[in-house]
Number of protein chains: 2
Amino acid sequence: MSVTIYDVAKRAGVGIGTVSRAINNSGSIAPRTKEKVLAVVKELGYRPHASARGLARRRTNTIGVVVPFFTGYFFVELLRGIQGEVSKFQYDLILYNVDETNKKEMILRKVLQERKVDGMLLISLEMTNNEVWELRRSRLPIVLVDSYHPDLDSVTVENRRGAYVATQHLIRQGHSRIGMIDGHLKSSPARVRLEGYKNALRDHDIGFRREYLVISDYVTGEDGFNRKAGYQAMKQLLHLGSNRPTAVFVSSDIQAIGAMKAIEEDGLNVPNDMAIVGFDDIELAQYIGLTTMRQPMFEMGKLAVDRLVECITDVVTNGFKKVFHTSLIVRNTCGALRHQSHNQIT
Amino acid sequence: MSVTIYDVAKRAGVGIGTVSRAINNSGSIAPRTKEKVLAVVKELGYRPHASARGLARRRTNTIGVVVPFFTGYFFVELLRGIQGEVSKFQYDLILYNVDETNKKEMILRKVLQERKVDGMLLISLEMTNNEVWELRRSRLPIVLVDSYHPDLDSVTVENRRGAYVATQHLIRQGHSRIGMIDGHLKSSPARVRLEGYKNALRDHDIGFRREYLVISDYVTGEDGFNRKAGYQAMKQLLHLGSNRPTAVFVSSDIQAIGAMKAIEEDGLNVPNDMAIVGFDDIELAQYIGLTTMRQPMFEMGKLAVDRLVECITDVVTNGFKKVFHTSLIVRNTCGALRHQSHNQIT
DNA sequence: CTCCTTTGTGGAAGCGCTTCCACATTTGGA
DNA sequence: TCCAAATGTGGAAGCGCTTCCACAAAGGAG
């Protein structure tokens with residue numbers, strides 16, 4: 001059916017070992033022979049059969065990416081960074097989606113035993129010690145992205161500091177009634193951002209008010225980092241009436257978009273009645289003029305792949321922890337630019 | 001290292017053939033034996049090695065998805081539909097990205113010969129007759145999504161009719177100076193939507209004006225279906241001054257978002273100074289109140305997978321052509337709801 | 001010119017499965 | 001009771017590669 005290494009060998013008048021050496025640049029082979037073989041390879045359009053190669057080499061040249069919910073622009077942007085880098089290394093990318101039906105443990109067990117991938121990127125996934133132990137025992141290279149565990153390599157972002165800076169920025173605009181809309185606390189970025197928010201309040205002698213914190217509802221197993229959750233959370237804050245906060249730090253841009261819709265529906269104005277700072281800096285933030293903490297998602301994806309490939313190909317020591325910086329992008333929704341000209345808005 | 005079928009066989013006191021039959025529900029096997037084997041399988045946490053299985057069976061239980069640019073919310077939504085359905089069938093999904101460095105032909109050739117996937121979904125990809133011929137010769141099951149070729153199965157949307165309805169809707173609002181912002185014409189949806197637009201004009205005795213049609217610029221190999229391209233295209237229309245159109249049909253929501261930014265920057269109002277109808281109905285369209293033609297992206301992805309799996313597992317006859325309907329979603333940007341209450345806006 | 005490296009090459013073995021064939025065992029009909 | 005058919009089972013062969021080993025040929029040193 002397909003052209004195999006035997007076809008190439010016969011045609012080139014050499015043995016299969018020689019063909020293998022020619023296409024893999026391995027072993028010693030005479031330049032002339034190699035040239036001849038490669039010519040036949042091109043002529044016949046030969047490419048090694050992936051499964052056969054995988055079986056013999058015990059490497060598939062494929063990496064797996066596990067993503068929860070596969071929704072949200074954060075993942076898309078990350079995925080773009082990952083995808084680009086993966087193909088640069090000549091790897092393929094298998095996408096696994098964790099949701100209600102595909103439980104995390106099932107996917108991990110499957111992947112570990114089937115050996116369909118050479119390594120895994122786990123995105124925004126909280127890992128239990130037990131799971132980590134099993135992962136390490138399997139010796140499959142793993143890099144966590146946007147989550148942290150002491151015993152695994154990880155690429156994260158300064159969530160605590162980012163939330164702190166965002167909150168501080170609102171304080172500096174003169175606000176003292178500052179709320180927060182957060183994702184579900186099973187997500188560690190959500191937990192850590194909450195800490196940053198509280199720290200900022202504390203450092204500026206503002207008391208934390210329980211009613212100003214809204215954790216996005218836990219809808220059908222999701223993490224609350226979505227538009228609808230943001231919308232409903234803001235509705236809840238607005239119910240406080242005249243006691244409502246005058247500014248809100250929202251833990252993701254996509255929630256902020258939902259939140260702004262709720263504000264608008266109430267006939268209120270952003271930033272005059274309610275200032276908003278988001279988190280992520282998704283592409284649309286720029287368009288709608290959302291002030292936000294930028295997270296270098298593309299770069300995070302890229303770096304995670306670099307590290308993973310390094311783990312796969314070289315012998316490396318454990319303990320890679322990269323923490324990216326966030327940066328405050330000031331636009332219209334925080335009120336800081338209220339009196340400046342339109343042109344200065346990014 | 002890993003647990004193999006031999007380990008299971010030895011432990012269960014049977015031959016490897018029997019283990020294989022037990023885990024694959026194939027051949028004849030005594031219920032008692034099967035039970036015993038499966039117990040050992042569970043005990044040892046055994047799972048067949050994917051490459052070995054792929055080599056022996058000549059099936060990988062993996063399907064490939066080829067996406068151009070991997071950007072745009074259209075693909076994300078489609079991908080969600082695909083992903084869900086793929087995992088329902090117990091397949092894995094490999095993502096291939098076509099861009100400047102990874103040329104389409106390279107990817108196709110690679111995939112065809114390596115046999116890493118059992119079938120392929122090609123998204124928004126224009127295929128030459130030559131390519132199609134090569135694909136068919138390889139006998140690898142293929143389903144086109146959002147593009148069309150007479151000799152391949154496809155899942156598409158009524159682009160011509162959709163564009164027609166969108167344009168007609170603007171005409172019915174009383175507009176006669178109606179522009180169009182389209183994607184690059186190398187994309188067949190872009191071409192067909194242009195036809196729909198022209199047909200609608202013709203059927204209502206409105207002359208086509210060349211200066212009212214803006215093809216989004218061909219930036220770094222992309223198709224123009226992005227926010228920036230929409231923004232620049234609208235800038236161009238606005239340069240017409242008082243001769244500018246009073247309504248524009250934009251061939252994708254994401255371009256429409258960019259276009260609306262340009263309008264806003266000019267101090268003009270949507271829909272009063274310029275009515276807009278988009279195409280796609282991405283999630284954000286609802287949020288910003290964009291009138292648009294809904295394309296059932298999620299369902300398209302789902303159906304494409306169903307068909308592909310059918311092609312892989314059964315012997316099927318060629319010629320599957322599913323055309324989904326689009327539907328007009330009236331929101332704020334077309335002016336139709338100008339005099340109605342806020343609540344009626346979806 | 002010999003002997004010992006070095007370099008190059010063919011092909012068997014083995015990767016972990018599925019499948020097929022041969023054989024053993026059971027069943028049931030006459 | 002006996003025999004043919006049905007049922008169940010073990011394991012060899014083979015999927016298409018890589019890798020290793022044995023060996024041939026070609027240099028290089030003396």
Side-chain angles (χ1 to χ4, degrees), chain A residues 1-38 40-41 44-62 110-118 138 313, chain B residues 1-38 40-41 44-62 110-118 138 313:
Chain A
M1 155 114 88
S2 251
V3 28
T4 73
I5 201 172
Y6 287 91
D7 301 324
V8 176
K10 190 177 295 174
R11 179 89 194 227
V14 298
I16 55 165
T18 303
V19 175
S20 181
R21 266 163 301 215
I23 60 181
N24 293 309
N25 291 313
S26 63
S28 59
I29 183 171
R32 278 203 40 150
T33 316
K34 181 169 174 179
E35 207 174 300
K36 184 174 62 181
V37 171
L38 291 183
V40 175
V41 165
L44 301 183
Y46 169 74
R47 271 181 178 277
H49 188 285
S51 295
R53 194 173 230 195
L55 183 56
R57 273 200 180 150
R58 253 147 291 179
R59 278 200 35 199
T60 57
N61 266 265
T62 306
K110 172 185 153 99
V111 169
L112 294 187
Q113 264 288 324
E114 287 188 348
R115 294 272 147 185
K116 208 165 181 171
V117 300
D118 298 337
S138 80
T313 48
Chain B
M1 153 118 86
S2 250
V3 26
T4 74
I5 200 171
Y6 287 90
D7 300 325
V8 176
K10 189 178 297 174
R11 179 89 194 225
V14 298
I16 56 166
T18 303
V19 175
S20 182
R21 264 162 303 210
I23 61 181
N24 293 309
N25 291 314
S26 63
S28 57
I29 183 170
R32 277 202 41 148
T33 316
K34 181 169 173 178
E35 208 174 300
K36 184 174 61 181
V37 171
L38 291 182
V40 175
V41 165
L44 300 183
Y46 169 73
R47 273 181 178 275
H49 187 286
S51 294
R53 195 173 230 195
L55 183 57
R57 272 201 180 149
R58 253 147 291 179
R59 278 197 38 197
T60 57
N61 265 265
T62 306
K110 171 185 153 99
V111 169
L112 294 187
Q113 264 287 324
E114 286 188 349
R115 294 273 147 187
K116 207 163 180 171
V117 300
D118 298 337
S138 79
T313 48

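Residue numbers begin at 1 in each chain, while the letters A, B, ... track the order of the sequences. Note: hydrogens, waters and symmetry copies are ignored here, and every other heavy atom, side chains too, is used.
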Are [X] and [Y] packed together at the side-chain level, in the sense that at least one heavy-atom pair is separated by less than 4.5 angstrom?
X	Y	answer
A:Thr313	A:Arg59	yes
A:Asp7	A:Thr4	yes
A:Asn61	A:Arg53	no

Which residues share a salt bridge (charged side-chain N to carboxylate O under 4.0 Å, His left out) with [X], sequence neighbours left out:
X	result
B:Arg21	none
B:Lys110	A:Asp92, B:Glu114
B:Arg57	none

* In chain order, what residues pass the side chain to side chain contact (heavy atoms under 4.5 Å, CB included) check against B:Ile16, with sequence neighbours excluded? ->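 Partners of B:Ile16 by the side chain to side chain contact (heavy atoms under 4.5 Å, CB included) criterion, ordered by chain and then number, come out as B:Ile5, B:Tyr6, B:Ala9.
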
* **Pairing residues for A:Leu112 by the side chain to side chain contact (heavy atoms under 4.5 Å, CB included) criterion, not counting sequence neighbours** => A:Leu135, A:Ser138, A:Leu140

* Asked: Taking all atoms of both residues into account, what is the closest heavy-atom pair of B:Tyr46 and B:Val3, and its distance?
  -> CD1-O, 3.4 Å

* Near DNA chain D, which residues from residues 48-56 of chain B have a heavy atom under 4.0 Å away? -> B:Leu55, B:Ala56

* **Distance (rounded to the nearest 0.5 Å) between B:Lys116 NZ and A:His49 NE2** =>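 Reported value, rounded in 0.5 Å steps: 11.5 Å.
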
* To do: Please state whether the phosphate of C:dT9, meaning OP1 or OP2, lies under 4.0 angstrom from any side-chain nitrogen or oxygen of A:Thr33.
  => yes

* Which residues satisfy the side chain to side chain donor-acceptor pair (under 3.5 Å) test with B:Arg47, sequence neighbours excluded? ->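 Here no residue qualifies.
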
* To do: Not counting sequence neighbours, which residues clear side chain to side chain donor-acceptor pair (under 3.5 Å) with A:Asp118? List them please.
  => A:Thr60

* What is the 5' to 3' range of DNA chain D, first to last nucleotide, that sits under 4.0 Å from any heavy atom of chain A? -> D:dG16 to D:dC20

* What are the residues of residues 8-21 of chain A, sorted by number, that bring a heavy atom to within less than 4.0 Å of DNA chain C? -> A:Gly13, A:Val14, A:Gly15, A:Ile16, A:Gly17, A:Thr18, A:Arg21

* Looking across every strand, which nucleic acid part, if any, lies under 4.0 Å from B:Ser28 by heavy atom: base, sugar-phosphate, or nothing? -> base

* Note the angle between the end axes of the helix from C:dC1-D:dG30 to C:dA30-D:dT1, five pairs defining each, rounded to 10 degrees. => 40°

Using distance only, find each side-chain donor-acceptor pair of residues 28-35 of chain B under 3.5 Å and give its atom names and separation, not counting sequence neighbours.
| unit_1 | atom_1 | unit_2 | atom_2 | d |
| --- | --- | --- | --- | --- |
| B:Lys34 | NZ | B:Asn25 | OD1 | 2.6 |

* Structure fact -> Sorted by position of nearest nucleotide on DNA chain D, 5' first, the leading residue of B:Gly27 and A:Tyr46 is B:Gly27

